[in-house]
Amino acid sequence: MKIATWNVNSLKVRLPHLLQWLDTNPVDVLCIQETKLTDDKFPLAEINAAGYEVAFSGQKTYNGVAILSRLPIGDVVRNNPHYPDEQQRLLAATIGGVRFICAYVPNGQAVGSDKYAYKLAWLAALQEWVRAEMAAHPQFAILGDYNIAPEDRDVHDPAEWAGQIHCSEPEREALRALFGQGLADAFRLFEQPEKQYSWWDYRQMAFRRNRGLRIDHILLSPALAQRCTACTIDRETRKWEQPSDHAPVVATLD
DNA sequence: ATGGCAATAGAGTATTGA
């Protein structure tokens with residue numbers, strides 16, 4: 001089973017890229033974020049035609065998440081039952097005996113801002129939901145855009161980013177709290193090349209200079225981590241015309 | 001220190017992202 005996560009930054013704009021990527025990367029499950037589409041505008045027919053079932057939860061302009069699957073999708077839950085939220089950032093589903101959560105963690109904008117407080121409160125509530133879901137489903141994975149670089153080695157210039165949004169200690173602590181529940185960062189289960197990132201700013205030729213952050217993650221429960229044989233970031237999509245600023249992250253499970 | 005690029009909403013420019 002291959003599973004993946006990708007922040008597409010507007011599914012309306014990126015649908016051709018999504019279909020092209022799935023054509024050459026026919027993963028079994030793909031979690032996408034920032035669809036930015038209300039549900040009535042979701043391109044259901046096109047995705048079904050590509051061989052995927054899909055669950056989605058969207059809104060106008062911002063946020064929006066979806067789970068695409070080649071296998072039947074069951075027990076879909078929108079949002080965190082422990083945290084009422086108008087923003088559509090979370091979607092859970094059971095596929096092939098695995099419980100999945102697709103997550104779009106708030107950006108946080110700037111340390112100390114209202115949006116930063118929302119990010120930390122949202123993450124604290126997520127931890128409670130994850131605890132419950134993991135207890136009920138030993139085969140558990142949470143994939144998405146976390147908007148947090150776990151360590152300095154996940155940052156192109158740690159000095160420039162020190163204490164900044166995506167790298168601040170409270171954010172990293174929130175991520176470590178998830179690791180503390182037994183979740184493993186699939187990417188770090190394996191030997192990896194240095195300077196591997198999943199997001200690059202559109203400005204200042206950041207991609208060509210590899211000035212990026214690794215903020216998109218696949219976290220696996222112990223039972224799933226045991227099944228994981230590879231995890232990679234696919235930089236190719238970022239070279240395409242009019243790309244998303246994020247790259248897909250892919251994990252292989254036995 | 002600020003904006004730089006992109007997407008959206010909506011008709012010039014503001015907001016948000018990361």
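By convention in this document, chain letters (A, B, ...) are assigned in the order of the sequence lines, proteins followed by strands, and residues within each chain are numbered from 1. No hydrogens, no waters, no symmetry mates; every other heavy atom, side chains included, goes into these values.
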Measuring only the [atom1] atom in each nucleotide, how far is [N] from [M]? A whole number of Å is fine.
| N | M | atom1 | value |
| --- | --- | --- | --- |
| B:dT13 | B:dG4 | P | 14 Å |
| B:dT8 | B:dA18 | P | 14 Å |
| B:dA11 | B:dA1 | C1' | 31 Å |
| B:dG10 | B:dT15 | P | 14 Å |

* Asked: Taking all atoms of both residues into account, what is the closest heavy-atom pair of A:I215 and A:S198, and its distance?
  ->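 Looking at all heavy atoms of both residues, the closest pair is N-OG, 3.1 Å.
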
* Locate the shortest heavy-atom distance separating A:L123 from A:A174; write the atom from each residue and the value. =>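 Closest approach of A:L123 to A:A174: CD1-CB, 3.8 Å.
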
* Asked: Taking the nucleotide of DNA chain B with the closest heavy atom to each, which residue, A:K60 or A:W199, is nearer the 5' end?
  ->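 Nearer the 5' end of the strand: A:K60.
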
* Asked: Taking for each residue the nucleotide of DNA chain B bearing the nearest heavy atom, is the 5' side occupied by A:Y62 or by A:Y202?
  -> A:Y202

What does [X] touch in the nucleic acid at a heavy-atom separation under 4.0 angstrom: a base, only the sugar-phosphate, or nothing?
| X | result |
| --- | --- |
| A:R211 | nothing |
| A:D201 | nothing |
| A:N63 | nothing |
| A:Y104 | sugar-phosphate |
| A:Q164 | nothing |

Listing, residues 186-197 of chain A side-chain donor-acceptor contacts under 3.5 Å, not counting sequence neighbours, or none:
from, atom 1, to, atom 2, distance (Å)
A:R188, NH2, A:D154, OD1, 2.6
A:Q192, NE2, A:F187, O, 2.8
A:Q192, NE2, A:C231, O, 3.0

* Asked: When you list every nucleotide of DNA chain B with an atom under 4.0 Å from a heavy atom of chain A, which one comes first 5' to 3', and which comes last?
  -> B:dG3 to B:dA18

* Asked: Side-chain contact, heavy-atom cut-off 4.5 Å: A:W21 with A:L30?
  -> yes

* Structure fact -> One should read off an interatomic distance between A:L183 CG and A:L219 CG, to the nearest 0.5 angstrom, of 5.5 Å

* Parallel under 30°, tilted from 30 to 60°, perpendicular over 60°: which one fits the rings of A:H217 and A:Y146? -> tilted

* Asked: Taking atom types as modelled and ignoring hydrogens, do the side chains of A:S57 and A:R78 form a donor-acceptor contact shorter than 3.5 angstrom?
  ->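 Checked: A:S57/A:R78 side chains pair up, N/O donor to acceptor below 3.5 Å.
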
